Number of protein chains: 2
Amino acid sequence: MTDAATASARDRFDRMHAILRNRICLLDYAPGTRLSEEALAAEFGVSRTPLRRVLSRLEGEGLLQSVHGVGTFVTDVEVEELAQTYRLRLELAELTGRLDPVAPDAALWADLRALLDRARGFGADPDPRAYAELIMDVFLALLRLTANEPLREICERLYFRTTRIWLKSVFAGRLDLASEVDVFRREVEDIVMALQVGDLHSAALIQRAHISMSFERMRRGLSG
Amino acid sequence: MTDAATASARDRFDRMHAILRNRICLLDYAPGTRLSEEALAAEFGVSRTPLRRVLSRLEGEGLLQSVHGVGTFVTDVEVEELAQTYRLRLELAELTGRLDPVAPDAALWADLRALLDRARGFGADPDPRAYAELIMDVFLALLRLTANEPLREICERLYFRTTRIWLKSVFAGRLDLASEVDVFRREVEDIVMALQVGDLHSAALIQRAHISMSFERMRRGLSG
DNA sequence: CGCGATGTAGATGTGCACAACATGGAATCG
DNA sequence: CGATTCCATGTTGTGCACATCTACATCGCG
């Protein structure tokens, strides 16, 4: 039995964790939203106890905050901390190309081609949710270019912590979604081209540049 | 009421978390040790439920691992992951001097002077546990030299995750404790000197160099 | 004697009832 | 009328009993 019917405690935990993390990072639950332990436990078909363990983990990852007698809320991110995080992510992005880089294997090449197709499949009026998912999938795929496990874990952590704030700006219309999709498509194309030449460091630098530019666009969008 | 009598749920959690983390990182619980939920709950005067929340958090930080029906164990770190972590910590150490550096304030100066005294107070046969505590306190103090909160959080995380492995080598006698203390005293002196000149970046580079060298000494100690 | 099935002890995981706490509104007193 | 107190309500936190699972010893069979 390798199908979904085998539901060990660990599997259930991972499943609920991944689902809730995605909902938070893809803005199904906007920052500030209150999550009902009772409702979520009922949805997943478990009692509050195991669900609370998942919420506690998400709190440790900085995505939730529980307050006794009040509720469990999706966290927001202060602008100053957001800026600090992006400055850090710039450096870490470059590190992924410098620390234990690994050339893409066949599986990663296949995934990258599929992601490229998805990026090119968006029309004039892109679906925000699908765009958000694509960005996340691309990010996670590019993370496989480094074999440095701690570095990957940290990049993931920072990404999950802050991407939704950037997404919020896009979805709020302060950034033009169609042009954002276009810029992102070019980014993926550039990175894939660098990878085809075998230049992992350049691929990382391109990603770094795009992180920097997208943050800059958001900053201008917020102030404007 | 600001004294210890005010024991809110959050305070109890933080207290238990800090105590257990220190015990793990200072090798009171060696890697591989099984922790008894029942015994710890009794020690802290709570039931298993809130204690399990603490253990779950420590598991998320990579310090523990719970296995259903078997037990909760202090994690060990594979040599390869340890090497990756140290390579990453080198880069992050330099980043602390480059990203949002802040000059020491009066409180930090006072702490540094006290730490310097503690480093100079060790004799020919240093107490391992006191040395371990000093190293941790110095590390946490130097972290206050950057205002970049995410960077500090990440450095802390990696430090707590791996220091005990290095400590284990020292305590196992593969490294000469007295000479390690001497090297560490010099490191603190060098860093404080750089800080007195106001050169934060150099201070970070010194720290980086010492991390590199101490890891190299451990590598040679393990293979020899 | 070898070896597999089985039972048992002890661990973590789960469900549920209740305690502790914060919030908001109604009742009450000045 | 306003401020204050009190309480009703809903939430997270805790304690406890039980379910589930694993490792190990023990028994029984070939």
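Computed from a prediction, not measured in an experiment: that's the story for all the values here. Throughout, protein chains are lettered first and strands after them, A, B, ... in sequence-line order, and every chain is numbered starting at 1.
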Proximity to the side chain of A/His68 - top-ranked nucleotide from C/dA20, D/dT20, D/dG15: C/dA20

To the nearest Å, give me how far apart CG (B/Leu35) and P (C/dT12) are. 9 Å

To the nearest Å, how far apart are B/Arg48 CZ and C/dG10 P? 15 Å

Between B/Ser56 and A/Ser56, does any side-chain donor sit less than 3.5 Å from a side-chain acceptor? no

Can you find a side chain N or O atom of B/Arg34 that sits less than 4.0 Å from OP1 or OP2 on C/dA11? yes

When all nucleic acid strands are considered with a 4.0 Å heavy-atom cut-off, which category describes B/Thr72: base, sugar-phosphate, or nothing? sugar-phosphate

Would you mind reading off the distance between B/Leu51 atom CG and D/dG15 atom P, rounded to a whole angstrom? 11 Å

Would you mind reading off the distance between A/Gln65 atom CD and D/dT12 atom P, rounded to a whole angstrom? 13 Å

Is the closest side-chain donor-acceptor distance between B/Thr85 and B/Thr162 under 3.5 Å? no

Can you see if the side chain of A/Arg53 gets near the phosphate of C/dG13 - specifically, an N or O under 4.0 Å from OP1 or OP2? yes

Atom pair distance, as rounded to whole Å: CG in B/Leu58 and P in C/dT12: 14 Å

Touch check for A/Arg12, heavy atoms < 4.0 angstrom, all strands: base, sugar-phosphate only, or nothing? sugar-phosphate

Whole angstroms only, please: what is the CG-C1' distance between A/Leu55 and D/dT12? 11 Å

From CZ of A/Arg10 across to C1' of C/dT12 the rounded distance in Å is 13 Å

Whichever of B/Val70 and A/Pro50 has its nearest DNA chain C nucleotide further upstream toward 5': B/Val70

Pick one: which of A/Leu200, A/Thr146, A/Thr96 meets side chain to side chain contact (heavy atoms under 4.5 Å, CB included) with A/Pro101? A/Leu200

Does any N or O donor sit under 3.5 Å from an N or O acceptor when you compare the side chain of A/Ser8 with the base of D/dC21? no

Pair B/Arg152 + B/Glu156: basic N to acidic O under 4.0 Å: no

Under 4.0 Å: is that the gap between some side-chain N or O of B/Ser47 and OP1 or OP2 of D/dC16? no

Please state whether the phosphate of C/dT14, meaning OP1 or OP2, lies under 4.0 angstrom from any side-chain nitrogen or oxygen of A/Thr49. no

In this structure, how many angstroms lie between the P atom of C/dT14 and the CD atom of A/Glu37, rounded? 15 Å

Is it true that the side chains of A/Thr75 and A/Arg164 contain a donor and an acceptor less than 3.5 Å apart? yes

So does A/Arg52 get a side-chain nitrogen or oxygen closer than 4.0 Å to the phosphate oxygens (OP1/OP2) of D/dG13? yes

